[in-house]
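Written out below as structure tokens is the structure these notes cover.
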Amino acid sequence: MKTIKNFLAENDITMPEGTINGAWFAEHNLPMIVSCTCCGMTMALPSAYVDEDGYTYCSGCADAFAGED
């Protein structure tokens, strides 16, 4: 499980630090809000974690999966 920042960096997209405006998301064809694959909670994309298949997770569910290794 990776942070969205690390996942995007591996795909040659640098997420800006601090406040990100909506134009940045539109320029990179990314959603601003995503939902957790596991529990369905919605969150801002910068808060999400991503698995090896590209599915997004909240921090609580990502922590739960990390404990399964």
Side-chain angles (χ1 to χ4, degrees):
M1 199 77 59
K2 302 173 184 168
T3 63
I4 192 69
K5 185 175 182 175
N6 290 341
F7 178 80
L8 292 175
E10 289 175 0
N11 291 286
D12 298 323
I13 299 173
T14 303
M15 183 175 280
E17 297 293 325
T19 304
I20 306 170
N21 65 27
W24 181 87
F25 291 95
E27 288 169 14
H28 293 89
N29 199 28
L30 294 169
M32 292 177 68
I33 305 296
V34 295
S35 63
C36 177
T37 300
C38 186
C39 72
M41 182 180 85
T42 57
M43 71 210 104
L45 182 67
S47 302
Y49 288 82
V50 183
D51 69 8
E52 60 276 356
D53 296 320
Y55 293 104
T56 56
Y57 294 86
C58 67
S59 61
C61 292
D63 286 345
F65 281 112
E68 291 180 2
D69 291 340

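Quick caveat, the model's predicted, so the values are computed rather than measured.
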>> Going by side-chain contact (heavy atoms from CB on, under 4.5 Å), name the residues that satisfy it together with Asn11, two or more places apart in sequence or in a different chain.
In response: Phe7
> Which residues pass the side-chain contact (heavy atoms from CB on, under 4.5 Å) test with Asp53, sequence neighbours left out?
Replying inline: Asp51, Tyr55
>> I'd like to know if the side chain of Thr37 reaches the main chain of Tyr57, judged simply by a donor and an acceptor atom lying under 3.5 Å from each other, with no hydrogens or angles considered.
In response: no
> Do any N or O atoms from the side chain of Asn6 and from the backbone of Ala9 form a donor-acceptor pair under 3.5 angstrom?
Replying inline: no
> Under 4.5 Å between side-chain heavy atoms, hopping through other hydrophobics if needed: is there a path connecting Ile4 to Ile20?
Replying inline: yes
Distance-only donor-acceptor pairs under 3.5 Å for side chains of residues 40-50, two or more places apart:
none

> Who passes salt bridge (Lys or Arg N to Asp or Glu O under 4.0 Å) against Glu27, sequence neighbours left out?
Replying inline: none
> Looking at residues at least two apart in the chain, or sitting in another chain, which of them share a salt bridge (Lys or Arg N to Asp or Glu O under 4.0 Å) with Glu52?
Replying inline: none
> What closest approach, in Å, do Cys36 and Cys58 show between heavy atoms, and which atom pair accounts for it?
Replying inline: SG-N, 3.4 Å
> Which of these, Thr3, Leu30, Thr14, sits in a side-chain contact (heavy atoms from CB on, under 4.5 Å) with Leu8?
Replying inline: Leu30
> Could you give all pairs that pass the salt bridge (charged side-chain N to carboxylate O under 4.0 Å, His left out) test and reach residues 6-18, with sequence neighbours left out?
Replying inline: Lys2-Glu10, Lys5-Glu17
>> Please report the interatomic distance OG1(Thr56) to CD1(Ile33), rounded to the nearest 0.5 Å.
In response: 11.5 Å
